[in-house]
Asker: 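Here it is: the structure, laid out below.
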Amino acid sequence: MQSVMIKIGTSSLCDDLGVLSLEKMMHLVVQIVEIQRRGIKVTLVSSGAIGAGMGVLALKEKPTQMKQKQALAAIGQAHLMKAYEDVFKIFECHCAQILVNHDDFDDRKRLMNLTNALESIHEYGAIAIINENDTLATDEIKVGDNDTLAALMAPIVKADLLIITSDIDGLYDDNPHTNKDAKRIPYVQTIGQDIMDMAKGTVSKVGTGGMSSKIHAAKIVMDANIDMAIVSSNEKTGLLDVLEGKDIGTYFSSKLGRNLSLRNHWILYRSIPKGKLIVDDGCKKALLNLHTSLLSSGIVEVVGVFLQGQVVDIVDVQGNIIARGIVGYASHEIDLVKGRKSKEMQTILSTYVRGEIIHANDLVLMEGKHGTSN
Ligand code: GLU
């Protein structure tokens with residue numbers, strides 16, 4: 001274990017009214033400092049800005065309007081970081097605040113800056129504390145919840161493990177708040193419908209995601225060969241126990257995961273698709289079963305305006321996204337050759353460079369084993 005990403009949920013820091021508890025924070029920070037002392041690189045994704053904003057303003061309920069949440073995030077983030085600074089200072093540890101949105105990952109240059117900055121923060125021995133830039137987040141560019149944000153960040157810091165702290169000590173086979181016989185699931189190797197069903201309906205009062213976003217996060221990291229654990233922040237030594245392999249919370253092993261390359265993982269999860277190519281059933285079959293390149297003949301519709309080199313969704317006629325890939329041609333060019341044989345492309349397109357619309361190496365299926373190499 002060389003690098004661990006820890007996501008701290010709002011409920012692990014604040015009470016139901018968003019009042020930040022320094023005691024709760026201290027309890028986690030002690031363990032984080034100990035993990036660092038063991039020579040493991042630690043990166044934090046911390047929620048709590050909107051929650052802490054509620055606490056600062058003594059609001060009784062989380063507001064529903066976007067602009068109110070954006071204001072609370074701005075108010076609460078300062079309060080949150082001040083608290084982290086105060087607590088980490090006791091251990092002579094510096095904090096570094098990073099606020100990101102999804103488009104920061106989409107843009108390769110910004111992603112590279114982020115990666116390099118994180119590396120230097122670690123070299124300085126400081127703790128990076130990442131949160132979504134909620135105040136500037138619009139629907140198009142937001143990640144939406146910090147479980148997903150932590151999962152998207154984990155490959156960037158080459159994490160071996162993502163630990164998600166929560167007010168609940170793992171995944172249960174039923175909702176433990178309503179069914180006292182619900183049993184904890186200690187170990188998960190594949191995320192199927194059964195696991196997703198177990199996660200339904202568990203939401204926290206102050207947090208955003210609930211268990212469903214944690215399962216989604218598990219899928220993202222497992223596809224990148226990274227393990228994940230959900231532990232309760234109420235466990236005294238929960239973070240350390242997970243690292244020591246104790247039976248605590250729920251552990252998601254990536255052993256059977258897809259082991260996507262960083263590039264394919266970026267295509268599938270970190271990029272923001274700029275359009276859609278709707279494909280017919282024959283083309284869908286070829287993509288899913290044979291992992292072929294996407295050819296012009298199978299495309300029935302081009303949706304959106306995009307440039308060569310951008311990522312698009314490949315969608316079947318029923319509307320299901322089956323793959324994502326980097327297009328070799330711009331949308332207006334694909335529009336001219338859709339439904340036509342590849343051989344015809346040369347005469348139709350003055351900009352002809354190759355016969356594939358998306359080469360197999362640039363195409364990643366949403367599910368399955370294909371698209372694993374490079
Ligand atoms: N970014 C939000 C905050 O700091 C939290 C999102 C989440 O809980 O997933 O309040």
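These numbers come from the heavy atoms of this one structure, side chains and all, not from hydrogens, waters or symmetry mates. Counting starts at 1 for both ligands and their atoms, in listed order. Only a predicted model underlies this, so the values are computations on that prediction, with no experimental measurement involved. Along the sequence shown, residues are numbered consecutively beginning with 1.
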Asker: What about Asn131: any of its N or O atoms under 3.5 Å from an N or O on ligand 1?
Answerer: yes
Asker: Taking distance alone, with N or O pairs closer than 3.5 Å, would you say Ala49 contacts ligand 1?
Answerer: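 Such a contact does occur with ligand 1.
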Asker: Any Lys/Arg nitrogen of Lys338 or Asp280 sitting under 4.0 Å from an Asp/Glu carboxylate oxygen of the other?
Answerer: no
Asker: Going by the atom numbers of ligand 1, which of them fall below 4.0 Å from some non-hydrogen atom of Asp145?
Answerer: 9 (O)
Asker: So is Gly48 in contact with ligand 1, going by heavy-atom distances below 4.0 Å?
Answerer: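 Per 4.0 Å heavy-atom rule, Gly48 contacts ligand 1.
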Asker: Any N/O of Asp147 closer than 3.5 Å to an N/O of ligand 1?
Answerer: no
Asker: Where the side chain of Asp160 meets the backbone of Met1, is there a donor-acceptor pair that is under 3.5 Å apart?
Answerer: no
Asker: At less than 4.0 angstrom from any non-hydrogen atom of Asp134, what atoms of ligand 1 do you find?
Answerer: 1 (N), 2 (C), 3 (C), 4 (O)
Asker: Could you label the plane-to-plane angle of the His216 and Tyr269 rings as parallel, tilted or perpendicular, counting under 30° as parallel and over 60° as perpendicular?
Answerer: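 The rings of His216 and Tyr269 stand perpendicular, inter-plane angle above 60°.
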Asker: Report whether Val19 and Leu57 are members of the same hydrophobic cluster (ILVMFWY, side-chain heavy atoms less than 4.5 Å apart, transitive linking).
Answerer: no
Asker: For His122 and Ser3, test the side chains for any donor-to-acceptor distance below 3.5 angstrom and give the result as yes or no.
Answerer: no
Asker: Can you name the atoms of ligand 1, numbered from 1 with element, that are less than 4.0 Å from a heavy atom of Ile50?
Answerer: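 Every atom of ligand 1 under 4.0 Å from some heavy atom of Ile50: 3 (C), 4 (O), 10 (O).
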Asker: Taking atom types as modelled, find out whether Ser233 and Thr165 have a side-chain donor-acceptor pair closer than 3.5 angstrom.
Answerer: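 Per modelled atom types, Ser233 and Thr165 side chains form no pair under 3.5 Å.
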